[in-house]
Enquirer: 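Let me begin by handing over the structure; questions about it come next.
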Amino acid sequence: MGRRPAVLALLALAACADRAPEPVRFALFQPEIFADGGALTDAWADFDLDGFPDRFVGFNGAPSRLYHNGGTAGFEDVALTMGLDVERSVRTAAWGDFDADGDPDLLLGFAGDAPVTALYRNDREQGFVDVASAVGLELAEGTTRQAAWVDFDEDGDLDLFLAMRDRANHLFENRDEAGFVDVAEDLGVADPRRTVGASWFDTGDGGLDLIVANMNGDPNALYLRSDDRFTEALHVAEVRDGGRALGDEAQGTVRPCVVDYDNDGDLDLFFANYGPNGLAERNASGWTHVAARVGLAIESRYDTCAWADFDHDGTVDLYVNGTVGGGTHYRDWLMRREGEPMFVDVTPPEILDLKASHGATWVDFDLDGDLDLALAGAADDGMHHLVQNLLRPEYAWHSLQVRVLDGAGHATRPGAEVRIFAAGSDRLLGTRLVDTGSGYDAQSDLPVHFGVPGGQPVDVEITVLVRGRRPSIRLENIDPRAYQGAPLVVRVGEDGTLVP
């Protein structure tokens with residue numbers, strides 16, 4: 001490759017560095033259909049494969065809603081016609097293509113009477129059919145929380161991790177025609193503590209590791225994959241406490257987020273807590289608490305963390321929502337990364353005035369290139385508003401979305417890492433994790449999103465996990481303008497090589 005792309009990239013970066021921060025402007029989208037409160041779960045996927053992300057919202061007893069995204073026609077609730085108007089208290093929702101037929105299916109967890117789980121197979125025109133009992137995923141009791149679809153055993157299909165608030169966690173191995181089998185106890189991840197959040201990622205050894213977020217003063221846990229088992233890393237204090245007090249029933253971690261907040265190429269850990277939020281920065285010897293230093297250790301009661309480069313300046317920003325309980329709405333925050341390395345409160349009134357809690361998801365629902373914010377509000381006077389990002393159009397397309405699939409074109413690559421570089425150089429512009437389950441009452445099966453300063457050409461590097469190895473492939477000189485309104489789709493085979 002010649003020097004010209006690298007020179008152009010560096011010039012674009014210099015121009016962006018001189019640009020003043022973009023105004024923070026959001027507006028409610030179709031507020032009349034998203035106004036109802038009692039919303040608990042928010043989950044996004046393109047269930048009908050038309051290119052537009054669709055939205056499932058679960059409520060505390062009211063019928064669930066499945067919003068079909070019609071593009072310029074807006075959203076329409078099709079839950080009744082598609083068989084998803086579930087009149088239960090929905091505490092868990094997670095999209096994943098468990099049967100590898102190319103479309104996403106939906107796992108739900110309920111509070112109340114048995115059964116407490118359902119798995120709705122996506123039959124496209126015929127709607128959704130509950131097959132949980134037939135495949136071994138119907139639970140009779142328990143209080144479910146975060147679910148994560150993940151191919152932990154690298155056999156090419158999706159397995160299911162399910163966090164439990166009141167008993168040991170589950171890890172269901174997908175054995176195809178034989179259905180799902182719970183292997184959590186055999187593999188060492190049947191954590192009996194009060195788990196509400198979870199995330200899967202690689203700490204660097206070439207296998208998927210698991211972090212679980214625990215409440216009521218219980219320590220969090222980092223489970224490292226070793227041969228055919230997982231072992232809890234009891235020595236990693238930064239993960240165990242997550243930046244909050246251990247042993248205090250009033251404190252706990254709700255959601256762990258895996259993010260490269262400092263753009264150095266490795267994965268850091270953020271903890272949305274009851275108590276001060278935590279941020280563990282990865283370094284050569286492990287992790288170091290840095291939340292106080294960077295302005296994020298704000299003490300309150302938080303339900304979620306959601307990271308995104310919403311202003312396309314090349315750095316990731318953070319949204320956290322405070323919970324609603326006991327007559328109190330704890331404050332929400334939109335923290336923009338400005339300077340080195342502090343975060344600044346830029347929460348606009350369009351977000352601050354909403355009674356958000358529980359689920360929150362960044363999603364480019366209108367395919368204009370920038371990320372919008374989907375919120376849920378569990379209180380009766382809450383909402384489930386979709387807050388549209390009004391970033392100026394000339395900057396909105398300064399972005400790139402990347403969809404990582406397996407060689408057959410199926411979404412079985414959670415845990416893959418995507419990095420972009422200024423074209424023709426080793427200058428890193430960002431790192432994202434392919435993640436289909438790290439939320440608390442929030443989840444998505446969507447492409448990863450990068451802000452690309454100046455809309456410059458980039459090289460895209462995909463790292464996957466293959467039996468203890470971390471092979472990478474690199475696509476050079478990708479022009480973001482060629483992918484406006486659609487993601488760059490990359491297929492990676494079982495051996496870690498590119499599949500055309």
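Excluded from the calculations below are hydrogen atoms, water molecules and symmetry mates; all remaining heavy atoms, backbone and side chain alike, are included.
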Enquirer: Under the 3.5 angstrom rule, does the side chain of Asn273 hit a backbone N or O of Gly242 as a donor-acceptor pair?
Expert: yes

Enquirer: Regarding Asp445 and Arg403, does a basic nitrogen lie under 4.0 Å from an acidic carboxylate oxygen?
Expert: yes

Enquirer: Please list, chain by chain and in numerical order, all residues satisfying ring-ring contact (aromatic ring centres under 6.0 Å, His included) with Trp397, sequence neighbours excluded.
Expert: none

Enquirer: Taking everything shown except Glu154 itself, do over 12 heavy atoms lie less than 6.0 Å from its CD?
Expert: yes

Enquirer: Mind running ring pair (Phe, Tyr, Trp, His ring centres under 6.0 Å) on His384 and His358 for me, showing each step along the way?
Expert: CA-CA 10 Å; His384 55 291; His358 294 71; over 10 Å; no

Enquirer: Any donor-acceptor pair under 3.5 Å linking the side-chain atoms of Asp48 with those of His68?
Expert: yes

Enquirer: Checking side-chain polar atoms at under 3.5 Å, does Thr195 have a donor or acceptor matched by the opposite partner on Asn214?
Expert: yes

Enquirer: Under the ring-ring contact (aromatic ring centres under 6.0 Å, His included) rule, collect the residues that match up with Phe110, sequence neighbours excluded.
Expert: none

Enquirer: Would you say Thr412 and Asp151 are linked by a side-chain donor-acceptor pair, where the criterion is simply a distance under 3.5 Å?
Expert: no

Enquirer: Is the shortest heavy-atom distance from the side chain of Val434 to the side chain of Val418 under 4.5 Å?
Expert: yes

Enquirer: Indicate whether the side chain of Thr304 and that of Arg255 have a donor and an acceptor atom separated by less than 3.5 Å.
Expert: yes

Enquirer: When you check the side-chain N and O atoms of Arg91 and Tyr440, is any donor under 3.5 Å from an acceptor?
Expert: yes

Enquirer: How about Arg244 and Thr253: does a side-chain donor come under 3.5 Å of a side-chain acceptor?
Expert: yes

